Amino acid sequence: MEDIDLIISEAGDSMKKSLQHLDKELLKIRAGRANPAMLEGVMVEYYGSMSPLSQVSNVSTPDARTLSVQPWEKALIPEIEKAIMNANLGFNPQNNGEVVIINIPPLTEDRRRELVKRAKAEGEEAKVSIRSARKDANDMLKDLDGISEDLIKDAEERVQALTNKNVTKVDSAIEVKEAEIMKV
């Protein structure tokens, strides 16, 4: 019995990780408003090694259409600008000698549709991952010895209920993100 609970618990943890990954990926998809998470994947060369932008500077949003990157060292400003350009995010950084300023252009209708497609693709990936966790759990349940078929059927139904609950969470997260992207 505790084997069954352990398998279901592991499946739940795996599905939860899929949802957390989805949330991280959705943060990276911009919705017209400036958000420090937009620069999360940017790596800056710092004393010969690549470091995340957040470890060599302070990224903030002074207003809804502007990102401000305040480096710990002024000498890093050209490196930060280069890293943002190389990240291919569609931003054109400028500096005033102290801070790198990025103006976020308003989204066009076509760009909004592209971002919605990307969000839906991320949602599908999360669903595939959740279904994979379900399959793994069901396979492990079938491999258990000395447990009645009724108990295994009940456990499979619990795994399916967990799967349905998590797929619903993915759908609602995508709906929220889609509304956020399409809001002008």
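The chain is numbered in sequence order, starting from 1. Everything numeric here is computed off the predicted structure, so don't read it as measured data.
A donor-acceptor pair is defined here as one N or O able to donate and one able to accept, closer than 3.5 Å; no such pair exists between the side chain of W72 and the backbone of N58.
Every residue two or more places apart in sequence or in another chain was checked for a side chain to side chain donor-acceptor pair (under 3.5 Å) with D3, and none qualifies. Here K74 pairs with E98 under the salt bridge (Lys or Arg N to Asp or Glu O under 4.0 Å) rule; sequence neighbours left out. Remark: K169 engages no residue in a side chain to side chain donor-acceptor pair (under 3.5 Å) (not counting sequence neighbours).
Checked by atom type, the side-chain pair D63/T66 shows a donor-acceptor distance below 3.5 Å.
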Expected list for residues 42-54: side-chain donor-acceptor pairs under 3.5 angstrom, two or more places apart:
residue, atom, partner, partner atom, Å
Y46, OH, E73, OE2, 2.8
Y47, OH, E73, OE1, 3.1
S49, OG, Y46, O, 3.4

Please tabulate, one pair per line, all N/O donor-acceptor pairs under 3.5 Å involving side-chain atoms of residues 9-23, not counting sequence neighbours.
residue, atom, partner, partner atom, Å
S18, OG, S14, O, 3.3
S18, OG, S129, OG, 2.6

Scan the side chains in residues 144-161 for donor-acceptor partners under 3.5 Å anywhere in the protein, sequence neighbours excluded, and list what turns up.
residue, atom, partner, partner atom, Å
S148, OG, L151, N, 3.3
R158, NH1, D5, OD1, 3.4
R158, NH2, D5, OD1, 3.1
Q160, OE1, R134, NH1, 3.1
Q160, NE2, N164, OD1, 2.7

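For the pair K117 and E114, the salt-bridge criterion is not met [side-chain N within less than 4.0 Å of a carboxylate O].
Residues P62 and S60 approach most closely at CD-O, 3.6 Å, considering heavy atoms. Between V170 and G123 the shortest heavy-atom distance is CG1-O, 3.5 Å. Residues A173 and L26 approach most closely at O-CD1, 4.1 Å, considering heavy atoms.
Linking Ile, Leu, Val, Met, Phe, Trp and Tyr whenever their side-chain heavy atoms come within less than 4.5 Å puts L115 and M182 in one cluster. A continuous path of ILVMFWY side-chain contacts below 4.5 Å connects M140 to I4, so both sit in one hydrophobic cluster.
When side chains are defined from C-beta on, N92 counts as touching M85, because their heavy atoms get closer than 4.5 Å. The closest side-chain heavy-atom distance from R65 to N103 is not below 4.5 Å. At least one side-chain heavy atom of I104 sits less than 4.5 Å from a side-chain heavy atom of L67. Counting heavy atoms from C-beta outward, S57 and I80 have side chains that approach closer than 4.5 Å. In this structure, K127 and D171 have side chains that are in contact, with non-hydrogen atoms separated by less than 4.5 Å. At a threshold of 4.5 Å between non-hydrogen side-chain atoms, the residues V69 and L39 count as touching. For the pair I174/K120, a side-chain contact is recorded, criterion being any heavy-atom separation below 4.5 Å from C-beta on. Side-chain contact between T61 and P36: present, with at least one pair of heavy atoms (C-beta onward) separated by less than 4.5 Å.
With rounding to the nearest 0.5 Å, the separation of NZ in K142 from CG in N138 is 5.5 Å. Here CD of Q70 is found 11.5 Å from CG of L76. Values are rounded to the nearest 0.5 Å. We find the CG-CG distance between D136 and L141 to be 11.0 Å, quoted to the nearest 0.5 Å. Distance check: I101 CD1 to E81 CD gives 10.0 Å after rounding to the nearest 0.5 Å. Taking CD of E40 as the reference point, atom NZ of K24 lies at 7.5 Å (rounded to 0.5 Å). Expressed to the nearest 0.5 Å, how far NZ of K177 lies from CD of E25 amounts to 11.0 Å.
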Worksheet item: Stepwise, does the side-chain contact (heavy atoms from CB on, under 4.5 Å) test hold for T168 with K165?
Response: CA-CA 5 Å; T168 303; K165 185 174 103 179; 5.8 Å; no
Worksheet item: So I84 and V100, side-chain contact (heavy atoms from CB on, under 4.5 Å) or not? Walk me through it.
Response: CA-CA 10 Å; I84 292 169; V100 175; 4.3 Å; yes
